[in-house]
Amino acid sequence: MRSRLRLWPAWAAVLLAGLATLAVPGVHVAVLGVACFALWLSSLGSVRMLASAPGLARLFPQRGWRLRLALVTPHLLMALLLGGLLAVGVLVVSGARVSALAPLAVVLVALAAAIRWTSIRTPDHSTGIVMTESGPVPLGAMLTAARGADLLVIGLAVVASLPPVVGLCAAMGGLAWSAAKG
């Protein structure tokens, strides 16, 4: 509980970023998405621990997606609360000029990307090598580093370019997929 209480400045920053970026028409949702992504990364330590230490996961009676769902459910409830607060704030500030579903979709996309990022397994070094200016880098390590950020970029592009209802449906689908797949 203490770790969540120490995050109140991050929560306040996300609320301010959300109101500032979504209340003004034409401003991109990337600022809110990155702020929420950073917030969720700082609070999803339990998922990261179970992904990096599978022996610890064997201590729990549930396995796989059920265990991940149990760990992610409090964060999902916090995301719905944050998205609801941002939606109400956007409606109050903008006077219904902007759809209220967009902030909720952005918060859910950021949570899905953070779940995907924190459930990183060890890189597969048998995939090949890419030559860079600083030397050879295993392709598996590069793909592991991009995991999570890919879902954030694609999800924010969908939310920003398509109608808010479609963006919300895509965000919920991405969240379900990342919680189930890991």
Side-chain angles (χ1 to χ4, degrees), residues 1-8 10-11 13-14 17-18 29-84 86 103-130 137-160 166-182:
M1 186 67 175
R2 283 187 191 160
S3 65
R4 300 250 179 352
L5 292 177
R6 280 186 268 160
L7 291 175
W8 73 266
W11 283 95
V14 166
V29 297
V31 174
L32 177 63
V34 170
C36 287
F37 183 65
L39 173 70
W40 296 127
L41 279 181
S42 65
S43 66
L44 280 169
S46 56
V47 177
R48 181 182 305 270
M49 182 58 70
L50 286 179
S52 64
L56 183 62
R58 287 193 290 266
L59 296 174
F60 294 99
Q62 301 296 330
R63 299 280 186 260
W65 67 272
R66 289 186 180 111
L67 180 58
R68 235 182 340 269
L69 184 64
L71 293 173
V72 169
T73 300
H75 300 287
L76 177 62
L77 295 175
M78 287 190 291
L80 292 174
L81 176 68
L82 179 63
L86 287 173
L104 182 59
V106 170
V107 170
L108 291 178
V109 162
L111 178 61
I115 291 169
R116 183 165 161 80
W117 184 294
T118 55
S119 61
I120 292 175
R121 290 169 185 78
T122 57
D124 182 15
H125 293 289
S126 67
T127 55
I129 294 176
V130 176
V137 176
L139 184 61
M142 291 176 63
L143 293 175
T144 300
R147 185 181 164 123
D150 57 351
L151 187 61
L152 182 68
V153 169
I154 292 170
L156 290 179
V158 167
V159 170
V166 176
L168 184 62
C169 291
M172 291 182 350
L175 183 61
W177 178 72
S178 67
K181 272 304 251 186

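The chain is numbered in sequence order, starting from 1.
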Would you list the atom pairs, donor with acceptor, under 3.5 Å between side chains in residues 150-159 and any protein atom, with sequence neighbours excluded?
unit_1 : atom_1 : unit_2 : atom_2 : d
Asp150 : OD1    : Arg116 : NE     : 3.4
Asp150 : OD1    : Gly148 : N      : 3.0
Asp150 : OD2    : Arg116 : NH2    : 3.3

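Here the shortest heavy-atom pairing between Ala114 and Trp40 reads CB-CB, 3.4 Å. Closest of all the heavy-atom pairs between Cys36 and Ala110 is CB-CB, 3.5 Å.
One finds the CG atom of Leu39 at 9.0 Å from the CG atom of Leu44 (value rounded to the nearest 0.5 Å). Between the CG atom in Leu41 and the CG atom in Leu111 there is a gap of 10.0 Å [rounded to 0.5 Å]. To the nearest 0.5 angstrom, Leu82 atom CG is 7.5 Å from Leu32 atom CG. Between atom CG of residue Leu108 and atom CG of residue Leu104 there is a gap of 4.5 Å, rounded to the nearest 0.5 Å.
You'll find the side chain of Val107 stays beyond 4.5 Å of the side chain of Leu80, heavy atoms only.
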